[in-house]
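Data block below; observations after.
Chain naming here is simple, since letters A, B, ... match the order of the sequence lines and numbering starts at 1 in each.
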Amino acid sequence: MSEEYAEAVLDVVDAIPPGRVMTYGGIAEVIFDRLGRGGPRQVGTVLSRMGGEVPWWRVVNASGRPPVPHARVALERLTAEGCPLTPDGQRVSLARAAWSPAD
DNA sequence: ACCTTGACCTTGG
DNA sequence: CCCAAGGCCAAGG
C-alpha cells in the first residue's frame, strides 16, 4: 500500500464528524475518484495497521457493524458520541448516521 | 507466476 | 435475519 494511499484514507477518516460514520466501501469510493485505485479491502488494511491516530471507530461495514476485533469499544464510543444505533445497539443506523465529505 | 490472506461487498436462498 | 458463494484489490510468501 503506497504512502499516498494510506494518507488519503487517514485524511478522510479524520474528517468524519462525531456521531457520524462512513463505510469502508464509501471511503474507498471517495478515494477512487481521487487516486483511481483501491477498494474496500485496501481501506480496511490501512486502518488495521495504521489507524491508531484517527477516529477509526467511526468506520463501519456495509451492515453498520464496527470491525469485529474492536466492536465493543467502537460501540461504546459511538454511543458516547450520540451516534444513532439500531434497537439492539449492535449496529449503526446508517440511514441516519451515514456521512460523506460532500455533506 | 501461483496461491493465500484480509477491520470488505453484493447477491441469492 | 443468517449463511454461502463469488467478486474484489493489493501485498507477501
- Query: Please give, in whole Å, the distance from C:dC9 P to A:Phe32 CZ?
  - Reply: 8 Å
- Rounding to a whole Å, what distance do you find between A:Trp57:CH2 and B:dA7:C1'? 15 Å
- Task: Measure from CG on A:Leu47 to C1' on C:dC9 and round the result to the nearest Å.
- Result: 16 Å
- Message: If you define the side chain from C-beta out and look only at heavy atoms, does anything of A:Ile31 sit under 4.5 Å from A:Val9?
- Response: yes
- Heavy-atom closest contact (A:Ala6 atom, A:Met50 atom, distance): CB-CE, 3.4 Å
- Any N/O donor-acceptor pair, A:Arg41 side-chain to B:dC8 base, under 3.5 Å: yes
- Message: How many whole angstroms separate atom CD1 of A:Ile31 from atom P of C:dC8?
- Response: 20 Å
- Item | Carboxylate-amine/guanidinium contact A:Glu4 A:Arg37, below 4.0 Å | yes
- Could you tell me the separation between the CD atom of A:Glu29 and the P atom of C:dC9, rounded to a whole number of Å? 13 Å
- Side-chain contact check for A:Pro67: nearest option of B:dC9, C:dC9, B:dA7 is B:dA7
- Message: Rounding to an integer number of angstrom, what distance separates C:dG13 and B:dA7 when you compare their C1' atoms?
- Response: 22 Å
- Message: Only pairs with both distances under 3.5 Å count, Watson-Crick or wobble alike; so what is the partner of B:dT10 in this structure?
- Response: C:dA5
- Message: Would you measure the distance from the C1' atom in C:dC8 across to the matching atom in B:dT5 and give it in whole Å?
- Response: 13 Å
- Of all residues at least two apart in sequence or in a different chain, which pass the side chain to side chain contact (heavy atoms under 4.5 Å, CB included) check with A:Arg20? A:Ile16, A:Pro17, A:Trp99, A:Asp103
- Item | Spacing between A:Asp88 atom CG and C:dC1 atom C1', to the nearest angstrom | 11 Å
- Task: Report yes if some heavy atom in the side chain of A:Leu78 is under 4.5 Å from a heavy atom in the side chain of A:Val21; otherwise report no.
- Result: yes
- Task: Quickly work out the A:Asn61 CG to C:dC2 P distance and round it to whole Å.
- Result: 12 Å
- Task: Sort out the partner of B:dC2 for me: Watson-Crick or G-U wobble, both distances under 3.5 Å, none otherwise.
- Result: C:dG13
- A:Met50 CE to C:dA11 P, in whole Å, measures 11 Å
- Query: Under 4.0 angstrom, heavy atoms only, what part of the nucleic acid is A:Pro40 near: base, sugar-phosphate, or nothing?
  - Reply: sugar-phosphate
- Task: Looking at every strand, decide which applies to A:Arg37 at a 4.0 Å heavy-atom threshold: base, sugar-phosphate, or nothing.
- Result: sugar-phosphate
- Message: The side chain of A:Ala62 is closest to which nucleotide in this list: C:dA10, B:dA7, B:dC9?
- Response: B:dC9
